[in-house]
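Below: one structure, written as structure tokens.
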Amino acid sequence: MLVGIDHVGIACFDVDAAIRRYETLFRLELAAYEERPESGVLEAMLRAGPRRAAPWKDTSASYVQLLQPTRDDTALARFLKERGEGIQHIGYAVADLEDALRHLGLRGVRVVPDMPRHGIFANSIAFLEASALGGVLTELVEVGGP
Ligand code: CO
């Protein structure tokens, strides 16, 4: 079901400072940078591996996702307030998101309500409840959407 690790989501207070850190220390390439008002986040994706296709088609690339909240009423903002900067979630690539959610739903794993269902690069995404996954907030990503 999982075809790779799409990204690691890292919560930060200052996304621009975090971008500079990853560019300087690891020479990562900034692949996308956008404010997503509907999700209350300023988001950057830095590619951590070779690109083999356009971002919206590339299921082989992995990214570091840097996330700065732009509102206080989001899970990301609460995470930063309670735990400080650090890894907030992991994003796995799946071939078929709806099929994966059906499989997981039958096993009692629920999607977190009020979390985004559309990601960067036109990806379809879903967040799974951390309580079902040993405390790890887990995102599934269907690259390029259905
Ligand atoms: Co993510």
Side-chain angles (χ1 to χ4, degrees), residues 1-23 25-26 28-101 103-105 109-146:
M1 184 191 329
L2 304 182
V3 296
I5 295 175
D6 183 80
H7 64 273
V8 175
I10 298 174
C12 48
F13 290 112
D14 181 343
V15 74
D16 296 312
I19 290 168
R20 284 193 296 276
R21 180 182 307 131
Y22 280 89
E23 285 177 336
L25 297 181
F26 299 123
L28 295 191
E29 179 191 345
L30 184 64
Y33 181 93
E34 64 183 50
E35 181 163 6
R36 303 174 63 83
E38 74 283 2
S39 307
V41 68
L42 190 56
E43 170 178 351
M45 295 290 265
L46 292 103
R47 189 175 300 107
R51 185 175 67 178
R52 300 182 183 89
W56 56 90
K57 289 186 198 165
D58 194 348
T59 57
S60 62
S62 296
Y63 297 88
V64 173
Q65 180 184 47
L66 302 173
L67 300 159
Q68 177 189 330
T70 55
R71 293 199 313 258
D72 290 335
D73 62 340
T74 61
L76 178 67
R78 283 191 295 277
F79 178 94
L80 268 170
K81 194 173 173 200
E82 290 164 13
R83 295 165 68 169
E85 292 187 309
I87 296 176
Q88 191 229 7
H89 69 271
I90 186 158
Y92 294 111
V94 294
D96 184 331
L97 180 60
E98 290 312 314
D99 187 56
L101 294 180
H103 170 88
L104 293 163
V109 180
R110 288 179 301 178
V111 170
V112 182
D114 307 323
M115 289 286 266
R117 295 298 303 269
H118 299 286
I120 211 155
F121 308 137
N123 294 338
S124 292
I125 63 173
F127 284 89
L128 306 174
E129 288 182 328
S131 57
L133 287 147
V136 180
L137 180 60
T138 299
E139 177 186 354
L140 300 182
V141 182
E142 182 179 327
V143 174

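Ligands are counted one by one from 1 in listed order, and the atoms in each one are counted from 1 as well.
Using a cutoff of 4.0 Å between basic side-chain nitrogens and carboxylate oxygens, R36 and E34 are scored as salt-bridged.
The minimum heavy-atom distance linking E23 with L28 is given by the pair CG-O, 3.6 Å.
Less than 2.8 Å away from the Co ion (ligand 1), the protein contributes these N/O/S atoms: H7 NE2, Q65 OE1, H89 NE2, E139 OE1.
Within the 4.5 Å cutoff, the side chain of Y22 has heavy atoms near those of the I10 side chain.
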Would you sort out whether E98 and R117 count as a salt bridge (charged side-chain N to carboxylate O under 4.0 Å, His left out), showing the intermediate values? CA-CA 12 Å; E98 290 312 314; R117 295 298 303 269; 3.7 Å; yes
Could you give me the CA-CA distance, side-chain angles and deciding distance for F121 and Y63, then say whether ring pair (Phe, Tyr, Trp, His ring centres under 6.0 Å) is met? CA-CA 12 Å; F121 308 137; Y63 297 88; 5.4 Å; yes
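How far CG of D6 is from CD of Q65: 8.5 Å, rounded to the nearest 0.5 Å.
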